[in-house]
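Here is the structure we will look at, set down as structure tokens.
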Amino acid sequence: MATRLTRRTSPEALGLSADDLRSMYRTMVTARLVDEAAFRLNRQGKAPFVVPVSGHEGCQVGTAWALERGRDVWVPYYRDVGVVLVAGMTPYDIFLGLFAKADDPSSGGRQMPNHWGSRRLGIISHSSPIASQLPHAVGIAYAIRYRGEDAVVGSWFGEGATSEGIWHEALNFAGIHRLPVVFVCENNRYAISVAQNKQMAIEDVADRAAAYGFPGVVVDGNDVLACYAAMKEAVARARAGEGPTLIEAKTYRYFPHTSDDDDRTYRSREEVEEARRRDPIRRFERVLLDLGVLTASDPEQIAAEIKEDVERRIDEAWAAPDPDPATLYRHVFAEPVDP
Ligand SMILES: Cc1ncc(C[n+]2csc(CCOP(=O)(O)OP(=O)(O)O)c2C)c(N)n1
Ligand SMILES: [Mg+2]
């Protein structure tokens, strides 16, 4: 059976300073405000397709925080705004991608929105078929082992991804070779409209780790510090050559699956309201207020500051040049050569 991580760990015991905590909080608020702005831009006809993050900020920022920029490898999925912000992408980069601009660092405007990639930051671009990034994560971990490097791969996905055969193949291979990879399942109880109990007959995805010979851990995905604690331990195990871990973070998404979905057809408003009462940002705010890391007026002021910055980055990204039509085939097809 998977381990349930329920003990409360103090930030000091986790090695997090007041600056770290403020920075984690700001990153979570940034993810939320980028999300809300992106949805608005979609409804204004400016953003073609938006995949919301709201509700997942705690598990994304908490787990990503335990990897090291410039050393480790990030294999996110389409919902991971919080992960890529921790990895070093900026809101400006994200909006360049959303508007398919020439300077979009992920693909120069070729990929769908939310398919981030950066060689500089060690973020691996994924394909849209669910779970197809998992064999990539495991292959990279194998290469790290083969070359004798000490990097760790973090890979993120939803609970729906665990219904794919390729997910099981990836975890099996990682278990056999005890590879330096951490699997993070952001369990929001739905794969678009399909509820978890229509996808699997078990309660905890983390139980599946036992079949592949490594630990599975269930963590409260709305508790950023618990997510950080689980990931920190998993990363240390991976770096020490002790193999993979599967972390299951129980969370919820507040918006529809994407800007093309209508979630009223498969879940009640009461259910969404109920989940919103466990908001990871509000929860972390209370912890930081209790610790004296934030003062009473900070949350409102920080949100206003970040909102202003997000709005500025949207304007800058909107004004940035579109790709030159002459480069239409670049990174997509072989470029035509002059006869
Ligand atoms: C192989 C494959 N099947 C179906 C889809 C369509 N699809 C896109 S997202 C999604 C749901 C995935 O749910 P989950 O893994 O739980 O992640 P979440 O979106 O809930 O974060 C599906 C079925 C796809 N992209 N690829
Ligand atoms: Mg899901």
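Heads up: numbering here begins at 1 and tracks the sequence. Since the structure is predicted, the reported quantities are computational estimates derived from the model, not experimental observations. Every number for a ligand or one of its atoms is a count from 1 in the order of the listing.
A salt bridge is absent between R32 and D35: the closest approach of a Lys/Arg side-chain nitrogen to an acidic carboxylate oxygen does not fall below 4.0 angstrom.
A tilted orientation is assigned to the rings of Y190 and Y266, their planes being inclined by 30° to 60°. The aromatic rings of H115 and H126 sit parallel to each other, their planes meeting at less than 30°, with 60° as the upper class boundary.
The side chain to side chain donor-acceptor pair (under 3.5 Å) contacts involving residues 134-145 comprise nothing, where partners must be two or more places apart or lie in separate chains.
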Are any protein N/O atoms closer than 3.5 Å to the N/O atoms of ligand 1? If there are, list each pair with names and the distance to one decimal place.
{"unit_1": "ligand 1", "atom_1": "15 (O)", "unit_2": "G160", "atom_2": "N", "d": "3.2"}
{"unit_1": "ligand 1", "atom_1": "15 (O)", "unit_2": "A161", "atom_2": "N", "d": "3.0"}
{"unit_1": "ligand 1", "atom_1": "16 (O)", "unit_2": "E159", "atom_2": "N", "d": "3.4"}
{"unit_1": "ligand 1", "atom_1": "16 (O)", "unit_2": "E159", "atom_2": "OE1", "d": "3.1"}
{"unit_1": "ligand 1", "atom_1": "16 (O)", "unit_2": "E159", "atom_2": "OE2", "d": "3.1"}
{"unit_1": "ligand 1", "atom_1": "16 (O)", "unit_2": "G160", "atom_2": "N", "d": "2.8"}
{"unit_1": "ligand 1", "atom_1": "16 (O)", "unit_2": "Y190", "atom_2": "O", "d": "3.3"}
{"unit_1": "ligand 1", "atom_1": "17 (O)", "unit_2": "Y78", "atom_2": "OH", "d": "3.2"}
{"unit_1": "ligand 1", "atom_1": "19 (O)", "unit_2": "Y78", "atom_2": "OH", "d": "2.7"}
{"unit_1": "ligand 1", "atom_1": "19 (O)", "unit_2": "R79", "atom_2": "NH2", "d": "2.7"}
{"unit_1": "ligand 1", "atom_1": "19 (O)", "unit_2": "H257", "atom_2": "ND1", "d": "3.4"}
{"unit_1": "ligand 1", "atom_1": "20 (O)", "unit_2": "N188", "atom_2": "OD1", "d": "3.1"}
{"unit_1": "ligand 1", "atom_1": "20 (O)", "unit_2": "N188", "atom_2": "ND2", "d": "2.9"}
{"unit_1": "ligand 1", "atom_1": "20 (O)", "unit_2": "Y190", "atom_2": "O", "d": "2.8"}
{"unit_1": "ligand 1", "atom_1": "21 (O)", "unit_2": "Y77", "atom_2": "OH", "d": "2.7"}
{"unit_1": "ligand 1", "atom_1": "21 (O)", "unit_2": "R79", "atom_2": "NE", "d": "2.8"}
{"unit_1": "ligand 1", "atom_1": "21 (O)", "unit_2": "N188", "atom_2": "ND2", "d": "3.3"}
{"unit_1": "ligand 1", "atom_1": "25 (N)", "unit_2": "S128", "atom_2": "O", "d": "3.1"}
{"unit_1": "ligand 1", "atom_1": "26 (N)", "unit_2": "I130", "atom_2": "N", "d": "3.0"}

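The atom of E159 that is an N, O or S and sits closest to the Mg ion (ligand 2) is OE1.
For the Mg ion (ligand 2), the set of nearby N, O or S atoms under 2.8 Å includes one belonging to N188. Residue Y190 counts as close to the Mg ion (ligand 2), with an N, O or S atom under 2.8 Å.
In this structure, CD on E186 lies 8.5 Å from CH2 on W156, to the nearest 0.5 angstrom.
For E248 against V205, the heavy-atom pair with the smallest separation is OE1-N, 2.9 Å.
Within 6.0 Å of atom CD in E68, more than 12 heavy atoms from other residues, nucleotides or ligands are found, so the atom counts as buried in its surroundings.
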